[in-house]
Amino acid sequence: MGEQLRLPGDSEHFSIPYEKLLNPAQFTAVTTTSGPLLVIAGAGSGKTRTLTYRVARLVEAGVEPDSILLLTFTRKASQEMLKRAAALLDSRCNKVSGGTFHSFANHILHRFAHIIGFENGFSIIDRTDSESLINIIRKEMGFGNKNYSFPRKKTLINIFSQAINKAIAVEDIIYDDYFQFRPAMEDICSLAREYKKRKVEHRFMDYDDLLVYLLAILKEHVSIREELSNKYQYIMVDEYQDTNLIQSEIVYLLAGEHHNIMVVGDDSQSIYSFRGANYKNIINFPDIFPNTKIIKLEENYRSTQTILNLTNIIIERAADKYSKTLFSQNRHGQIPILALTDNENSQSLWIVKQIQQLQKKGVKLNKIAVLFRASFHSFDLEIELGRKALPFVKVGGFKFMEAAHIKDVLSHLKIIVAGLDKISWYRILLLLNKIGPKTAEKIYLGLSYAGGGLEGFLTYCGSHKIASALIPLKELLQSIAPDIMTVDQLGTAVINYYTPILQARYDNYPKRMKDLEHLLTIMERYDSLDQFLTDMALEPPNTSMNKSMVADTASQNDKLTLSTIHSAKGLEWHTVFIIWALDGRFPSVHSFYNDETMEEELRLMYVAATRACSNLYFSCPRQVYDRSADMFLNQPSRFIDQLPEDVLKISYI
């Protein structure tokens with residue numbers, strides 16, 4: 001281990017009154033400067049503040065700024081921390097080496113590229129360029145022209161990236177997450193090898209290669225590893241629970257000479273395993289770095305104690321964790337409520353009513369969020385918000401009317417009501433093989449001449465020799481009886497017809513199929529197809545927004561936030577509604593038989609609940625039928641079921 005820098009221990013040596021400005025746990029974390037340090041930062045406990053003050057403390061103690069390395073998951077996060085540290089102390093803090101794992105890797109690799117076979121340097125290719133290269137290779141190798149389904153370029157890059165970030169074989173990714181492509185397994189693996197080869201030939205590195213090659217240099221070149229470890233004497237890593245195995249190994253090798261490594265994170269908020277994040281990195285940190293000092297930040301500055309009483313119980317059920325008990329100086333507050341409703345629509349109506357009451361009490365819409373596990377959970381609510389003219393932004397998914405597969409199904413239904421709807425007819429016809437714009441125009445003119453609608457199309461088919469691609473559509477429209485069939489029966493017929501098209505057009509069709517199943521549940525409460533289609537058109541399409549935009553946009557426009565829980569991490573609101581807190585939906589049915597998946601679902605519920613500052617509501621229908629699982633769901637989420645009344649109040653709506 002390298003020589004340790006002796007830092008003054010008395011506050012009188014420093015211009016910043018650290019002990020007065022930090023709580024005891026934060027102060028200990030800031031002033032512990034030698035050896036491995038693990039800071040378990042509970043939700044809302046001042047994690048960023050702690051990192052910021054530690055940077056200032058090290059610099060004020062005389063540590064050279066460029067020997068401090070601060071690794072974060074976004075460039076914005078590191079810039080914000082260093083900016084705050086500079087405001088606390090002085091401009092020396094701006095000279096600290098801060099950035100993301102990938103930007104740090106890029107910096108190091110440009111110095112040592114020649115060592116790993118890139119004698120003339122390299123170029124970084126973005127996602128679009130990666131997809132283009134994969135598509136070229138895909139066509140050259142003749143994949144996709146065989147008698148089995150082959151993934152498109154976007155899916156291929158997802159498969160390859162997941163394999164790297166999870167440090168497992170491409171075959172395992174396909175078996176676990178892309179079962180529909182198992183017949184193409186050998187060809188996909190061949191393409192992956194060729195993609196890697198072409199990148200080297202063209203001196204390309206994609207986003208994942210930056211980490212892969214940095215790790216290779218650190219493992220295979222001891223002198224470079226020692227040089228970097230000696231340069232970066234003090235290493236800090238934010239959101240350590242979100243690191244993957246490659247990043248964890250990079251951190252270990254960089255800190256190998258001195259072990260002055262501080263990682264900050266919360267195992268309870270590890271919810272990104274689908275990206276390759278491995279919460280075991282934070283759990284196993286003390287084993288990897290012997291003599292690790294563990295500090296827990298448990299004072300919460302966000303939520304009331306009544307909310308924390310509930311979240312503490314939720315996360316204590318986790319099997320593998322660092323136990324902690326969050327507490328707040330704000331001892332008062334409303335006890336969280338679980339609303340049990342008759343059905344999905346009554347759930348939506350209840351939430352709309354609660355939001356309107358909050359508005360009357362002076363709570364702005366931008367201080368309220370509705371959170372959900374999956375994007376389709378909010379579809380019915382979106383309709384009701386549109387009816388009441390309550391503006392909202394949606395994050396982490398798509399608006400109902402934006403989804404191509406939803407539009408496809410609705411187009412088939414629209415021609416039943418409006419037989420000469422040219423846009424819908426074109427959309428339907430262009431979904432079919434060997435039907436281009438000219439043919440679609442010819443068919444439309446023919447059916448419109450015959451009166452339009454189902455009758456017009458069938459008359460056209462009876463008087464013309466039609467392409468084989470049109471036969472399934474003809475059979476569908478022959479089977480439809482609008483005067484006899486219910487709205488959901490019409491929807492079922494269309495979706496059954498559309499399913500093979502969905503499977504042919506989208507690699508992620510199982511997920512999209514779930515959306516269509518949910519569409520059917522909405523259709524079940526309508527007696528009129530015309531009214532259903534009218535409601536679908538009430539709220540015009542909006543562009544989906546990413547997480548980094550939501551806070552500013554909602555605030556500036558006073559809009560309600562609808563968000564997936566994954567996109568809500570790191571944010572907070574005065575009032576939070578967590579909808580579909582129903583066992584089988586949250587957690588999902590698919591997680592029932594997988595302990596690791598169930599653990600992550602539990603953490604997901606914890607993250608959702610800890611977004612609330614003052615009011616926290618859960619809601620779910622009392623009973624729904626899940627078509628894909630062929631079972632009735634009729635119990636609240638196991639994560640909040642049967643909690644004491646002084647922790648969670650139940651309200652029957």
ask   = Quick one: does D641's side chain get under 4.5 Å of Q635's, heavy atoms only?
value = yes
inquiry  = If you define the side chain from C-beta out and look only at heavy atoms, does anything of Q329 sit under 4.5 Å from R331?
reply    = no
message = I'd like to know if K514 pairs up with D626 as an ion pair, taking the criterion as any Lys NZ or Arg NE/NH1/NH2 lying under 4.0 Å from an Asp or Glu carboxylate oxygen.
response = yes
task = Kindly check if the number of other-residue, nucleotide or ligand heavy atoms within 6.0 Å of CD (Q642) is above 12?
result = no
task = Give a yes/no verdict on a cation-pi contact between R57 and F14, requiring under 6.0 Å between NZ or CZ and the six-membered ring centre and an angle within 45° of the axis.
result = yes
request  = Working to the nearest 0.5 Å, report the span between CG of D267 and CG of N281.
outcome  = 12.0 Å
task = Check whether the side chains of Q162 and N158 place a donor and an acceptor atom closer than 3.5 Å, and report yes or no.
result = no
ask   = Between Y272 and H566, what is the ring plane arrangement, given parallel below 30°, perpendicular above 60°, and tilted in between?
value = tilted
ask   = If you draw a 6.0 Å radius around CZ in R75, do more than 12 non-hydrogen atoms from other residues or ligands fall strictly inside?
value = no
message = Please check: side-chain N/O of T306 versus main-chain N/O of Q334, any donor-acceptor pairing under 3.5 Å?
response = yes
ask   = Using 4.0 Å as the upper bound for N to carboxylate O, is an ion pair formed by E316 and K321?
value = yes
inquiry  = For L218 and L254: C-alpha separation, side-chain torsions, deciding distance, then whether side chain to side chain contact (heavy atoms under 4.5 Å, CB included) applies.
reply    = CA-CA 8 Å; L218 294 175; L254 283 174; 4.2 Å; yes
request  = Examine distances only and state if a side-chain atom of E60 and a backbone atom of S15 form a donor-acceptor pair shorter than 3.5 Å.
outcome  = yes
ask   = Angle class for the F577/W350 ring planes (parallel below 30°, perpendicular above 60°, tilted otherwise)?
value = perpendicular
query = Above 12 or not: heavy atoms from other molecules or residues under 6.0 Å from CG of N291?
reply = no
message = Among V55, V59, D66, which residue satisfies the side chain to side chain contact (heavy atoms under 4.5 Å, CB included) criterion with R92?
response = V59
key: Ionic contact status for K324 with D266, cut-off 4.0 Å   = yes
ask   = Mind checking whether F586 and L604 have side chains closer than 4.5 Å, heavy atoms only?
value = yes
key: Test log, rule side chain to side chain contact (heavy atoms under 4.5 Å, CB included), inputs N615 and L358   = CA-CA 10 Å; N615 299 324; L358 286 165; 3.8 Å; yes
task = Find the distance between OG (S591) and CD (E599) and round it off to the nearest 0.5 Å.
result = 11.0 Å
task = Evaluate the ring planes of Y240 and F285, with Trp represented by its six-membered ring, and classify them as parallel (under 30°), tilted (30 to 60°) or perpendicular (over 60°).
result = perpendicular
ask   = Any side-chain heavy atom of N260 within less than 4.5 Å of one from T33?
value = no
request  = Kindly indicate whether the side chain of L616, heavy atoms from C-beta on, has any atom under 4.5 Å from the side chain of I578.
outcome  = yes
ask   = For F327, does the CZ atom have more than 12 heavy-atom neighbours from other residues, nucleotides or ligands under 6.0 Å away?
value = yes
message = Keeping Y322 on the side-chain end and I283 on the backbone end, is there a donor-acceptor pair under 3.5 Å?
response = yes
query = Tell me, do M598 and R638 make a side-chain contact under 4.5 Å, heavy atoms counted?
reply = yes
inquiry  = Using 0.5 Å steps for rounding, measure from the CG atom of D176 to the CD1 atom of I168.
reply    = 6.0 Å
task = Look only at the side chain of K293 and the backbone of S34, and say whether a donor-acceptor pair between them is shorter than 3.5 Å.
result = no
request  = Say whether, by atom type as modelled, one donor and one acceptor occur between the side chain of S328 and the main chain of S303 under 3.5 angstrom.
outcome  = yes
inquiry  = Test your reading of the model: is there a side-chain donor-acceptor pair from N23 to the backbone of Q26, 3.5 Å cut-off?
reply    = yes
task = Indicate whether any N or O donor in one side chain lies under 3.5 Å from an N or O acceptor in the other, for N345 and E384.
result = yes
ask   = Does the side chain of Q233 come under 3.5 Å of the side chain of S67 through a donor N or O and an acceptor N or O?
value = no
key: Closest heavy-atom pair and its distance - Q241, G265   = OE1-CA, 3.1 Å
inquiry  = What's the separation between atom CG in L228 and atom CD1 in I250, rounded to the nearest 0.5 Å?
reply    = 11.0 Å
message = Check this for me: does any side-chain nitrogen of one of E344 and R585 sit under 4.0 Å from a carboxylate oxygen of the other?
response = no
key: Residue pair P336 / I307: nearest heavy atoms and the distance that separates them   = CG-CA, 4.2 Å
ask   = Could you give the distance from CG (L215) to CG (L210), rounded to the nearest 0.5 Å?
value = 12.5 Å
query = side chain to side chain contact (heavy atoms under 4.5 Å, CB included) between R611 and V607: does it pass, once the steps are laid out?
reply = CA-CA 7 Å; R611 300 310 95 200; V607 167; 4.0 Å; yes
ask   = Which heavy atom in A41 sits nearest to a heavy atom in V264, and how many Å separate them?
value = CB-CG1, 4.0 Å
message = Counting only heavy atoms not in Q356 (residues, nucleotides, ligands), do more than 12 fall under 6.0 Å from its CD?
response = yes
task = Please answer whether the main-chain N or O of F632 pairs with a side-chain N or O of Q623 as donor and acceptor at a distance below 3.5 Å.
result = no
inquiry  = For a ring pair (Phe, Tyr, Trp, His ring centres under 6.0 Å) check, start with the C-alpha distance between F289 and Y252, then their side-chain angles and the critical distance, and finish with the verdict.
reply    = CA-CA 8 Å; F289 289 95; Y252 173 74; 5.6 Å; yes
Side chain S103, main chain T100, donor-acceptor under 3.5 Å = yes
message = Ring-plane angle category for Y18 and Y53, please: parallel below 30°, perpendicular beyond 60°, tilted otherwise.
response = perpendicular
task = Show your reasoning for whether ring pair (Phe, Tyr, Trp, His ring centres under 6.0 Å) applies to H377 and F372.
result = CA-CA 6 Å; H377 286 174; F372 33 85; 7.2 Å; no
task = Using modelled atom types only, decide if a donor and an acceptor are shared between the side chain of N165 and the backbone of A277 within a distance under 3.5 Å.
result = no
inquiry  = Just so I know, are the side chains of F101 and T243 near enough to count as touching, which here means a heavy-atom distance under 4.5 Å?
reply    = yes
inquiry  = What I'd like to find out is whether the side chain of L310 reaches to under 4.5 Å of the side chain of F618, using heavy atoms alone.
reply    = yes
ask   = Any salt bridge between K569 and D242, counting N to O under 4.0 Å?
value = yes
inquiry  = For S375, is there any backbone N or O sitting under 3.5 Å from a side-chain donor or acceptor partner on K394?
reply    = yes
task = Check step by step if side chain to side chain contact (heavy atoms under 4.5 Å, CB included) holds for C620 and L340.
result = CA-CA 5 Å; C620 69; L340 301 176; 3.6 Å; yes
remark   = Between the CD atom in Q79 and the OG1 atom in T74, the distance rounded to the nearest 0.5 Å is 8.5 Å
